[in-house]
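The next block holds one structure in the form of structure tokens; read it before the comments.
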Amino acid sequence: MATPARKTTGKRSGASSHVSFLKYADYRWLKIAVGLSALAILTYALIDVEPRPSGSSWYGYTLGTIGAGLIVWLALLGLRKRTIRPGQWTLKSWVSAHVWLGLSLIVIATLHCAFQFGWNVHTLAYVLMMAVILSGVYGICAYTILPRQLSANRGEMTQAEMLDNLRSIDRQLHDAAQPLNSDLAQIIGASLDDDPFAGNVFARLRNSYPNCPTQLAFAEVSAAARDRSAPGAEDIARAVQILSRKVSALSHIRRHLQIKAQLDVWLYVHVPLTFALVAALFAHVISVFFYW
Amino acid sequence: MTSTYKVAIVGSGPAGLSAAARAAQLGVAHVLLEKTDHLSDTIFRYQKGKHVMATPSQLVLRSDLDFDAGKREKILDTWNAQAASQNVHVRYRSEVTAITGEKGKFELKLSDGDVVHAETVILAIGTQGNPNLMRCPGGDQPHVEYQLDDPTAILDEHITVVGAGDAGIENALGLAADPEQRNVVTIVNRSPDFSRAKDANVKALTAAAEEGRITILTETSTNRIEADHIVLDTRDGELRIPCNRVIARMGSAPPRGFVESCGIEFSSKDREAFPILSPVFESTAPGIFVIGALAGYPLIKHCMNQGYDVVEFINGNLSLKPADEPILEAKFNKLPGNRSVDDWLELLRTGIEILRDLTPLQMREFTLDSDVRFVRAGEVIFEGGAPGSSLFNVATGSVHVRINPNDPTIVVPIGAGQMFGEVGLISGRKRGATVVAAEDSILMEIPRTAALKLIATVPAVKRAVTRISIERQLLQLFKAGLSPGDIAEVVESAETISVRAGESIISEGDENYDIYVIRVGSMVVERTIGGKPVFLSYLPAGSYVGEMALIEGGRRTATVRAAVKAEVIKLNGDAFRSLLDRNPALLERLKLDMATRKDVNAHIETMKSTFSDVADMYSSVASFLVENGIGEATDVLLIDEKLCVGCDNCEKACADSHDGLSRLNREAGKSYAQLHVPTSCRHCEHPHCMADCPPNAIHRGLDGEVFIDDTCIGCGNCQRACPYGVIRMDKVPPKKPPLLNWLLFGTGPGPGEPSAKWSKKYGDPEAPKKAIKCDMCSGLEGGPSCVRACPTGAAIRISPEQFLSVSQMQKGE
Ligand SMILES: Cc1cc2nc3c(=O)[nH]c(=O)nc-3n(C[C@H](O)[C@H](O)[C@H](O)COP(=O)(O)OP(=O)(O)OC[C@H]3O[C@@H](n4cnc5c(N)ncnc54)[C@H](O)[C@@H]3O)c2cc1C
Ligand code: HEM
Ligand code: SF4
Ligand code: SF4
Ligand code: SF4
């Protein structure tokens with residue numbers, strides 16, 4: 001029913017553009033990457049290199065230089081991400097270029113080596129590169145699918161609040177265990193001693209904790225609670241109720257940790273392999289120039 | 001006791017103490033009356049080890065006592081020692097409950113029944129006031145306390161905390177924090193909920209109650225207090241529980257009532273008003289002088305200087321120049337004309353209409369807070385669209401307001417004595433038009449807080465500002481070549497109305513046709529479609545609403561309600577209609593605006609019938625945002641949780657661009673439909689945080705950002721005042737080693753905010769804690785670092801108009 005009096009100046013429009021890194025600037029880097037790959041394939045098909053296409057022809061050198069340059073630049077993302085200097089750049093645009101140009105390396109590097117593989121440092125570099133790229137592909141899949149799940153699971157709780165909640169349930173559990181007989185108290189004690197962060201990466205990724213002391217305690221104490229006429233039945237029922245809250249709180253935080261791990265895990269492949277790749281690339285270039 | 005003192009000083013804060021020290025030096029017969037059993041209770045009650053700051057730094061200290069920035073303990077020790085060595089005559093536990101008599105023979109009644117006689121009185125009781133007392137039987141026993149200094153010192157007790165505001169909740173939590181203390185804590189609240197306390201506190205309290213660490217009794221009041229029990233009236237009847245200690249935190253009554261009972265008048269009824277004072281601090285009750293925070297000067301240095309000055313004045317030294325003289329001199333030095341400070345003050349006072357009624361003392365104060373500038377003809381004073389909320393006054397010369405952005409030759413002149421910039425002052429929004437100097441002029445720029453204080457203290461100023469601002473706002477809003485004469489009748493009919501958040505000014509189906517202009521705050525427009533309210537649009541301050549019914553007749557077609565506490569100008573429909581009859585151009589303009597809005601409404605209605613889900617979604621997301629304070633925001637950080645991978649790079653970037661402290665908490669905050677409002681400053685139109693900052697350290701900057709400058713003294717008022725919990729009190733951590741050292745050798749804490757442990761190990765333990773908040777990365781090229789550092793594009797910063805627009809819905813997101 002009315003007109004806003006003034007318009008915003010839009011001076012800082014960069015800050016409010018709301019698109020994901022994949023779609024950044026209308027898929028600019030996807031287009032460039034496709035163009036680059038198409039050009040490489042086209043020239044590969046058209047240019048007749050004698051005696052046969054290989055990395056050491058002038059054409060191979062050209063692609064090789066482009067490829068090596070790209071790899072070094074891609075690896076520099078790690079630095080860019082951590083040096084927040086003022087300036088007209090956004091990490092989103094960098095990641096967009098990183099992803100699409102990184103994928104184009106599949107074409108460029110493969111054509112550069114002209115399908116010649118063997119048991120040598122050159123092929124090692126190629127394999128490492130493909131591994132880095134594959135992990136990157138997993139990465140963008142994770143980045144597209146998982147955030148919604150993370151958000152849905154978390155609700156409005158922060159990780160710290162989830163842990164606080166768990167700790168507060170533990171305190172109640174501790175009190176509730178006092179009146180119980182020593183067997184039950186011991187079982188609950190095991191649940192109290194359990195560290196929610198324990199368990200290896202695989203347990204966390206699969207969200208499977210087969211010997212979880214809390215689950216066990218819940219099962220045992222529930223079983224004991226079935227006998228309503230036993231002495232202290234009320235205390236036992238109370239412990240069951242708290243244990244069931246702990247089970248659900250635990251599963252909440254474990255699901256959170258699982259998604260976080262799934263979002264992170266690939267970087268533990270992507271980054272170390274990048275280091276290996278850069279080293280192999282270096283060896284590859286040196287051996288080409290000095291020992292060929 | 002019949003001896004009569006020359007001066008009785010009430011209150012031993014920095015102001016009163018400094019006055020007493022001067023009196024002692026001059027050999028004037030004096031007594032310093034202090035309510036508590038120690039000096040300077042306000043400072044005594046600062047947190048242990050608090051770093052006290054000595055601002056403003058340009059101001060020289062003029063006192064017989066020393067004061068320099070440093071720890072609370074050191075300052076109090078110094079004062080205690082110096083008060084003793086200078087023979088200051090203090091009488092402790094002497095609360096003054098009434099002052100009667102007249103100049104030359106005052107009688108000060110003390111709470112212990114004694115009476116002190118004095119010729120003059122200096123009131124320096126600060127603004128803390130007295131805590132509201134327990135009125136029930138037994139409320140006067142010694143185990144009923146009104147303050148809790150160290151909750152960890154209390155062991156093995158049954159404690160009842162009465163009052164569930166932040167203070168009460170924090171005390172209760174402190175007492176129950178450590179189970180080893182074995183305290184049994186009960187908190188009693190008269191109302192059913194905890195609406196007066198901060199969200200975080202309420203959460204913590206409920207959690208503690210769930211764990212059984214604290215018992216909460218709501219809708220309960222105290223009936224009587226016994227030696228080791230307390231009897232409570234609950235909804236289910238009387239309850240008697242063991243209780244060794246009662247801590248009553250039921251707020252405090254400001255000292256105004258007591259001050260007025262001494263015959264001292266305040267400048268107005270407003271809460272912000274201060275006592276009316278002469279240039280020598282004498283109140284309207286002759287012989288009673290008022291200094292310090294009570295007089296409106298909350299900084300310790302001001303207080304101490306005034307203590308010195310007022311005793312000199314009383315002692316007859318009327319030629320004493322105030323200590324701020326050199327600061328004023330420096331201010332005026334830049335101006336042409338070589339006048340003395342007094343001449344300049346007089347020129348400003350007589351030259352500027354709204355300052356005419358000020359006393360010389362008030363004049364000094366406002367000039368200290370303000371900026372006096374000489375501008376040459378043609379110089380731009382501010383641009384339309386620039387943020388700014390200060391008030392300008394023309395002392396000499398004149399300026400031109402360019403009312404048409406496309407044609408700089410169309411101007412409205414503003415002459416000597418008049419003000420401009422008041423629209424920004426009131427709405428907190430951007431400047432409406434560019435203003436240039438028409439000739440060489442001298443201007444006085446009064447910052448928003450000082451201007452508001454002026455409005456609150458001088459009723460005439462309030463009336464003038466209201467009238468002029470309504471007139472100007474209408475002229476600006478409706479343009480169409482109107483002159484002040486044209487709208488005189490409408491302005492006459494205008495009425496300013498405050499609207500509570502959620503209250504509506506127009507309801508769908510009503511039959512009236514007044515027009516409303518939003519002056520402060522913002523509104524949302526809704527219409528009921530298919531039984532559900534559907535969000536149509538968001539109206540920021542400076543918009544008008546309600547013309548449809550006037551132009552087309554018929555009932556109201558939508559409901560307009562306040563998104564936040566707002567203020568509107570109601571224009572009488574008939575007066576406005578006759579204005580339209582006389583101005584066809586204006587009618588055309590309004591019709592044009594109306595047509596655009598009708599398109600929007602029609603669009604939403606078709607959307608609603610075809611894609612009802614999308615419209616519902618848009619509507620509910622909009623309501624969620626408005627509920628979370630976006631309605632009063634000017635720029636807010638949002639996170640699209642469909643894209644956020646939880647890398648916290650935004651927080652790290654924020655820390656790395658600001659001395660290593662992050663000003664945002666990504667995970668905390670509310671979410672709805674995978675849209676998350678993290679805990680980070682919204683740069684409110686009327687920042688609550690600014691309301692009570694002793695050194696006036698909070699400002700709005702050039703990009704519209706609300707920021708805190710270096711003069712912050714760390715009092716924490718802003719942190720308590722911000723409803724969104726975005727201000728933290730912290731010390732700047734030490735510098736980190738360069739990034740490469742961390743990458744290669746693992747030295748230092750790495751990117752982002754260093755851990756508290758690391759900062760503690762390498763940091764300066766003496767460094768003061770200051771208020772820290774988002775400054776929108778102003779001054780950094782490229783804009784907000786949090787947004788730039790987000791790898792996926794999940795973090796965006798927007799203004800509410802941008803987000804709450806229909807285009808957003810058309811995108812279907
Ligand atoms: C947390 C906090 C931090 C601050 N930090 C700083 C800082 O770093 N630097 C700075 O410059 N300012 C700071 N301030 C502001 C400053 O402390 C106060 O403005 C200043 O103390 C006011 O001094 P005063 O003498 O006017 O009154 P007060 O210091 O309030 O002293 C009033 C005295 O009067 C006594 N009294 C009250 N009523 C009676 C009565 N009826 N009879 C007898 N005695 C009475 C009181 O017990 C008290 O001792 C801070 C304020 C707070 C709350
Ligand atoms: C040889 C090629 C590549 C190299 C050397 C490389 C290297 C890197 C490096 C060093 C990082 C920084 C990680 C960090 O510091 O946290 C990174 C991040 C990333 N890479 Fe790659 N990468 C390559 C290819 C790819 C490809 C093909 C993809 C996607 C298909 C990809 C997707 C990503 C993503 C999504 C990130 C995460 C950005 C972030 O969360 O900040 N990378 N890469
Ligand atoms: S600190 Fe709080 S009150 Fe101040 S502008 Fe930011 S959100 Fe508003
Ligand atoms: S900025 Fe906040 S903490 Fe600092 S002086 Fe002002 S109100 Fe106090
Ligand atoms: S705009 Fe700058 S200061 Fe504000 S939260 Fe973002 S990074 Fe921090």
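Numbers restart at 1 for each chain; the letters A, B, ... are given by sequence-line order, proteins then strands.
- Note that OG of A:Ser151 is 9.0 Å distant from CG of B:Asp640, once rounded to the nearest 0.5 Å.
- Considering every non-hydrogen atom in both B:Ser671 and A:Gly155, the closest pair reads OG-O, 4.1 Å.
- Atom CD in A:Gln88 sits 8.0 Å away from atom CZ in B:Arg788 (nearest 0.5 Å).
- Comparing B:Pro751, B:Cys644, B:Gly782 by how many heavy-atom pairs each has under 4.5 Å with chain A, the most go to B:Gly782.
- How far CZ of A:Arg245 is from CD of B:Glu210: 6.0 Å, rounded to the nearest 0.5 Å.
- Heavy atoms closer than 4.5 Å to chain B are found in the side chain of A:His256, but not in its backbone.
- For A:Lys260, the part lying near chain B is the side chain, with the backbone staying farther off; criterion is any non-hydrogen pair under 4.5 Å.
- Contacts of A:Trp89 with chain B are made by both backbone and side-chain atoms, with heavy-atom separations under 4.5 Å.
- Looking only at heavy-atom pairs under 4.5 Å with chain B, the residue among A:Arg154, A:Lys81, A:Arg80, A:Glu161 that has the most is A:Arg154.
- A distance of 11.0 Å separates CG of A:Leu91 from SG of B:Cys650, quoted to the nearest 0.5 Å.
- B:Lys598 does not touch chain A: none of its heavy atoms, backbone or side chain, sits under 4.5 Å away.
- No more than 12 heavy atoms of other residues, nucleotides or ligands lie within 6.0 Å of CD in B:Glu180, so this atom counts as exposed by the packing criterion.
- Using a 4.5 Å cut-off between heavy atoms, A:Gln149 does not touch chain B at all.
- For A:Gln172 (side chain) and B:Gly212 (main-chain N/O), no donor-acceptor pair under 3.5 Å exists by modelled atom type.
- Neither the backbone nor the side chain of B:Ala207 comes within contact range of chain A; no heavy atoms are under 4.5 Å apart.
- For A:Arg85, the part sitting under 4.5 Å from any heavy atom of chain B is the backbone (N, CA, C, O) and nothing else.
- A:Glu234 CD: 12 or fewer foreign heavy atoms inside a 6.0 Å radius.
- With hydrogens and angles ignored, the 3.5 Å screen pairs no side-chain donor or acceptor of A:Arg171 with any backbone N or O of B:Arg213.
- Heavy atoms of B:Leu739 lying under 4.5 Å from chain A belong exclusively to its side chain.
- Interface residue B:Lys670: backbone and side-chain heavy atoms are both found under 4.5 Å from chain A.
- Contact annotation for A:Leu146: neither backbone nor side-chain heavy atoms come within less than 4.5 Å of a heavy atom of chain B.
- Counting heavy atoms of neighbouring residues, nucleotides and ligands inside a 6.0 Å radius, atom NE2 of A:His270 exceeds 12 of them.
- The distance from the CZ atom of B:Arg666 to the OG1 atom of A:Thr158 is 9.5 Å, given to the nearest 0.5 Å.
- Comparing B:Leu780, B:Leu743, B:Leu643, B:Asp656 by heavy-atom pairs within less than 4.5 Å of chain A, the highest count is held by B:Leu643.
- Among B:Cys790, B:Gly669, B:Gly779, B:Ala794, the residue with the largest count of heavy-atom pairs under 4.5 Å with chain A is B:Cys790.
- Proximity to chain A is absent for every atom of B:Leu590, based on heavy atoms less than 4.5 angstrom apart.
- At a 4.5 Å heavy-atom cutoff, B:Arg527 makes no contact with chain A through either its backbone or its side chain.
- For the atom pair B:Leu740 CG and A:Leu79 CG, the distance stands at 6.5 Å (nearest 0.5 Å).
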